[in-house]
Number of protein chains: 4
Amino acid sequence: MPRTPAENERIRQATKEQILKAAMELFFSKGYHATSIDDVAKTAKISKGLLYHYFKGKEDLIAALVDLRLQDLLFVMEAAAAKPTPAEQIRHIAEGALEDVRRKPEVFRFYLNLFTQPRLDPVVAKYSQRLMDEQEKQFEVQTEMFTKLGVANPRKRSIYFSSTLQGIMLMFSTYPNTFPLDEVKAQVIEEFCSP
Amino acid sequence: MPRTPAENERIRQATKEQILKAAMELFFSKGYHATSIDDVAKTAKISKGLLYHYFKGKEDLIAALVDLRLQDLLFVMEAAAAKPTPAEQIRHIAEGALEDVRRKPEVFRFYLNLFTQPRLDPVVAKYSQRLMDEQEKQFEVQTEMFTKLGVANPRKRSIYFSSTLQGIMLMFSTYPNTFPLDEVKAQVIEEFCSP
Amino acid sequence: MPRTPAENERIRQATKEQILKAAMELFFSKGYHATSIDDVAKTAKISKGLLYHYFKGKEDLIAALVDLRLQDLLFVMEAAAAKPTPAEQIRHIAEGALEDVRRKPEVFRFYLNLFTQPRLDPVVAKYSQRLMDEQEKQFEVQTEMFTKLGVANPRKRSIYFSSTLQGIMLMFSTYPNTFPLDEVKAQVIEEFCSP
Amino acid sequence: MPRTPAENERIRQATKEQILKAAMELFFSKGYHATSIDDVAKTAKISKGLLYHYFKGKEDLIAALVDLRLQDLLFVMEAAAAKPTPAEQIRHIAEGALEDVRRKPEVFRFYLNLFTQPRLDPVVAKYSQRLMDEQEKQFEVQTEMFTKLGVANPRKRSIYFSSTLQGIMLMFSTYPNTFPLDEVKAQVIEEFCSP
DNA sequence: TATGAATGAGCTTTCATTCAT
DNA sequence: AATGAATGAAAGCTCATTCAT
């Protein structure tokens with residue numbers, strides 16, 4: 001008797017997750033190009049063939065990871081938007097971003113690396129672009145928050161805020177052991193979360 | 001009739017530069033992994049064999065590019081150190097960095113990409129490390145400047161300054177057409193160059 | 001409640017036919033090598049596993065198709081042999097063959113393609129051989145017909161007849177839209193069906 | 001000192017020929033699909049890499065072979081056209097074709113196999129098409145010859161001639177040991193080369 | 001009878017590097 | 001100093017077939 005569709009679906013999801021987990025682990029530590037499909041399959045303890053049963057190819061793996069990342073970013077943004085005051089909203093963005101990088105600096109590092117990929121890389125560029133597009137969308141929302149906060153030049157303020165935040169995350173993910181994240185975080189919040 | 005040794009040396013230097021120029025052009029636009037040795041040789045209009053005569057391999061090319069970059073960074077730092085007052089020194093660092101990224105955003109982007117390379121990439125990681133080491137050294141010098149400037153917590157201030165600067169460069173190199181670099185630059189200088 | 005054995009048998013036959021129909025459709029249009037087992041199963045709307053339940057493998061599919069083809073050829077030959085006079089017998093062969101190719105040029109094309117397969121193709125060659133063997137057997141029967149017809153050199157005549165017929169079928173199946181099959185058929189019959 | 005361009009060209013041509021010869025040998029005996037690039041490289045006694053240095057891929061090999069074939073066909077046709085009378089022209093076509101298949105039945109067989117490839121085979125179909133196109137062009141020329149010969153319905157006559165010729169070649173290449181080519185050839189010439 | 005997840009051998013192709021000249 | 005023919009390891013991917021259910 002064949003497995004039930006539900007059972008199959010369960011197996012599918014479990015295996016896909018297993019594969020994505022392996023891909024993450026390897027991409028994060030060795031990078032996309034230095035990771036081979038064979039590596040991923042071995043790490044996920046499945047055959048290469050099965051990997052191709054679930055993903056169209058190596059590129060599909062990074063596409064899936066980028067999708068997950070975009071969901072995460074969106075999630076933080078939505079949680080921020082749900083806050084009652086603009087000050088709290090901006091504070092949530094800052095804290096969300098900084099706590100995220102604190103927990104998994106190498107993950108941030110990986111996506112930043114993807115983000116800074118040369119624009120003509122034949123495979124990776126399009127995922128870099130997706131991340132940039134999302135960031136741009138979120139930037140608009142964030143500018144609106146600064147407007148409501150009542151600062152003088154909200155667009156410029158928003159840019160400066162994003163730059164500072166990105167810079168901190170970049171620095172922290174580079175020197176996770178020595179960077180004084182708490183202090184810096186406090187200063188950011190002090191500086192940007194009051195009108 | 002054989003060339004003179006001096007003539008030979010001139011040709012050698014010219015050819016090496018030609019190769020490095022080609023490598024830069026390609027690495028900056030397509031990235032290290034997507035660029036093949038064949039590409040570099042063709043772009044430099046020389047044979048693959050000759051390329052291997054001057055450079056040990058593909059990795060040696062990126063090593064040379066990183067060396068050039070380190071020289072550039074050092075040069076800015078030395079010029080800054082030569083300024084009479086700490087305020088001017090810090091201002092020079094900020095202006096040097098920002099004008100550099102303004103001129104060649106894709107170059108900064110490339111080195112930032114290298115900088116954020118996963119730590120276990122078997123070939124690229126070590127150049128990533130070199131850039132990090134140099135940045136750390138410069139950070140110490142810069143902290144000294146902030147000390148002389150007389151700010152309360154110079155180490156923290158220096159970190160915050162670096163983060164901001166790096167963040168701005170990252171953002172500008174991502175959105176070179178819309179980022180208001182002049183305004184932001186003015187603000188940075190205002191914020192960090194007075195005690 | 002279990003199915004009756006008769007019911008089971010009916011389902012078996014229906015499924016096998018479904019699979020063979022799918023295989024035909026795909027082999028005829030894309031060819032044996034370009035058709036995957038997955039294609040066949042999907043087209044037949046059954047699972048891969050079930051396909052393997054009914055057929056030993058991909059090769060078994062082509063074996064079944066060749067068997068069907070041989071039956072068809074045999075059928076025409078037997079119908080011809082049943083005709084009262086040799087002239088009518090030969091005429092029946094010609095008409096049978098030409099009407100067959102008229103109806104399904106791509107089918108003839110496929111078997112001709114199989115027929116002309118290189119002799120060392122590790123999987124397909126043996127089916128090519130079967131078709132050749134059958135044709136040879138039929139050729140003997142046909143030569144006997146020409147003998148009865150009373151032509152001078154019946155063997156040579158039979159060969160010439162077969163060649164002409166095969167040539168016409170080849171040409172028609174290549175240019176089904178422009179080839180004047182009726183005219184040519186009439187000429188063939190005129191030329192070969194009188195002593 | 002590097003090799004001279006002329007010397008390089010000589011090496012290139014020799015190696016390319018070596019590869020094409022190996023490809024022919026294998027394609028003719030095992031078929032396109034059953035022949036791997038590895039087979040070809042091993043037979044040509046070169047590395048796989050070198051094969052790709054000279055040919056873009058497996059498909060490029062068959063493209064080259066088809067080009068050679070088209071040249072051969074064209075050559076026969078031009079030689080025929082150079083004959084003074086239409087009867088001699090047609091005779092030359094018949095003899096050219098039949099002598100060619102006599103010499104290398106497996107070559108004809110291979111190209112016929114290619115010619116009869118299913119129309120949707122993703123790689124091979126286009127070369128099949130090229131052969132068909134060329135045959136159609138030659139058919140027009142041949143029809144003109146029959147017109148000059150003064151037969152009643154030259155187009156039909158030309159079709160019938162081509163069909164017969166193709167049929168003979170098909171039969172001979174199938175049964176090269178028993179097919180009475182000389183006799184049949186004589187009959188063809190008798191039948192088609194007089195007004 | 002029926003499913004589709006899972007395997008693994010083998011394929012085409014790329015590319016850093018070497019080597020004869 | 002200079003060329004480009006030649007190599008070979010390793011990559012991404014396909015697919016006939018098997019197997020647990």
Side-chain angles (χ1 to χ4, degrees), chain A residues 1-5 7-12 14-15 33-41 46-59 123, chain B residues 2-3 7-8 11-12 15 33 35-42 46-61 123, chain C residues 2-3 7-8 11-12 15 33 35-42 46-61 123, chain D residues 1-5 7-12 14-15 33 35-41 45-59 123:
Chain A
M1 299 302 129
R3 294 194 192 86
T4 65
E7 174 71 358
N8 266 327
E9 186 56 24
R10 209 188 47 73
I11 292 176
R12 288 182 68 82
T15 308
H33 285 109
T35 300
S36 74
I37 286 288
D38 220 69
D39 285 340
V40 179
I46 52 144
S47 67
K48 253 190 298 187
L50 191 58
L51 194 155
Y52 278 92
H53 186 65
Y54 288 110
F55 294 91
K56 276 196 291 255
K58 196 179 172 185
E59 200 179 328
V123 280
Chain B
R3 299 194 192 86
E7 179 70 0
N8 261 335
I11 291 177
R12 287 183 60 85
T15 306
H33 285 107
T35 299
S36 71
I37 286 287
D38 224 74
D39 282 341
V40 179
K42 281 211 176 80
I46 51 135
S47 69
K48 257 189 299 191
L50 193 57
L51 194 155
Y52 275 89
H53 182 72
Y54 285 113
F55 295 91
K56 269 185 295 211
K58 196 179 172 183
E59 198 179 329
D60 206 25
L61 285 176
V123 346
Chain C
R3 298 193 193 85
E7 178 70 359
N8 261 336
I11 291 177
R12 287 182 60 84
T15 306
H33 286 107
T35 299
S36 71
I37 286 287
D38 224 73
D39 283 339
V40 178
K42 281 210 176 81
I46 52 135
S47 69
K48 259 190 297 191
L50 194 56
L51 194 154
Y52 274 90
H53 181 71
Y54 286 112
F55 294 92
K56 269 184 295 213
K58 197 178 172 184
E59 198 179 330
D60 206 23
L61 285 175
V123 347
Chain D
M1 301 298 130
R3 292 194 194 86
T4 65
E7 174 71 358
N8 267 326
E9 187 55 26
R10 208 187 48 74
I11 291 176
R12 288 182 67 82
T15 308
H33 286 110
T35 300
S36 74
I37 286 288
D38 218 68
D39 285 340
V40 178
K45 285 174 187 156
I46 52 145
S47 67
K48 257 190 293 188
L50 191 57
L51 196 154
Y52 278 91
H53 185 66
Y54 287 111
F55 294 92
K56 277 196 289 258
K58 196 178 170 183
E59 200 179 328
V123 280

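Reckoned from all heavy atoms, side chains included, excluding hydrogens, waters and symmetry mates.
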*Return no unless some side-chain N or O of H53(D) is found under 4.0 Å from OP1 or OP2 of dA6(F).*
no
When rounded to whole Å, the OH to P distance for the pair Y54(A) and dG4(E) reads 12 Å
Quick one: label F55(D) by what it contacts on the DNA or RNA (base, sugar-phosphate, nothing), any heavy atom closer than 4.0 Å.
nothing
Taking every heavy atom of I37(B) against every heavy atom of K48(B), the minimum-distance pair comes out as CG2-CG, 3.8 Å
Salt bridge (Lys or Arg N to Asp or Glu O under 4.0 Å) filter on K58(D), not counting sequence neighbours, yields none
Nearest-nucleotide check on DNA chain F, S47(D) vs L50(B); residue mapping nearer the 5' end is L50(B)
Pairs under 3.5 Å (Watson-Crick or G-U), crossing ones as [ ], inter-strand ones as |: DNA chain E comes out as .||||||||||||||||||||
note: R10(A), atom CZ; dG4(E), atom P; distance rounded to Å ~ 16 Å
Test side chain to side chain contact (heavy atoms under 4.5 Å, CB included), reference L51(A), set T15(A), I46(A), D38(A), output is I46(A)
Margin query: A side-chain contact here means heavy atoms from C-beta on lying under 4.5 Å apart; do R12(A) and H53(A) qualify?
Written below: yes
Once base and sugar-phosphate atoms are separated, protein heavy atoms under 4.0 Å mark nucleotides 16-21 of chain F, 5' to 3', with B, S and - as SBB--B
Looking at T15(D), I'd like to know whether one of its side-chain N or O atoms comes within less than 4.0 Å of OP1 or OP2 on dA5(F). no
Closest non-hydrogen contact found for F55(B) with D60(B) is CA-OD2, 3.5 Å
Quiz item: Counting distance only, does the side-chain N/O of N8(D) pair as donor-acceptor with the main-chain N or O of P5(D) below 3.5 Å?
Solution: no
When you measure from the side-chain N and O atoms of R12(A) to the phosphate of dA5(E), is any distance below 4.0 Å, counting only OP1 and OP2?
yes
I46(A) CD1 to dG4(E) P, in whole Å, measures 19 Å
Walking DNA chain E from its 5' end, the first of L51(C) and L51(A) to be reached, judged by nearest nucleotide, is L51(C)
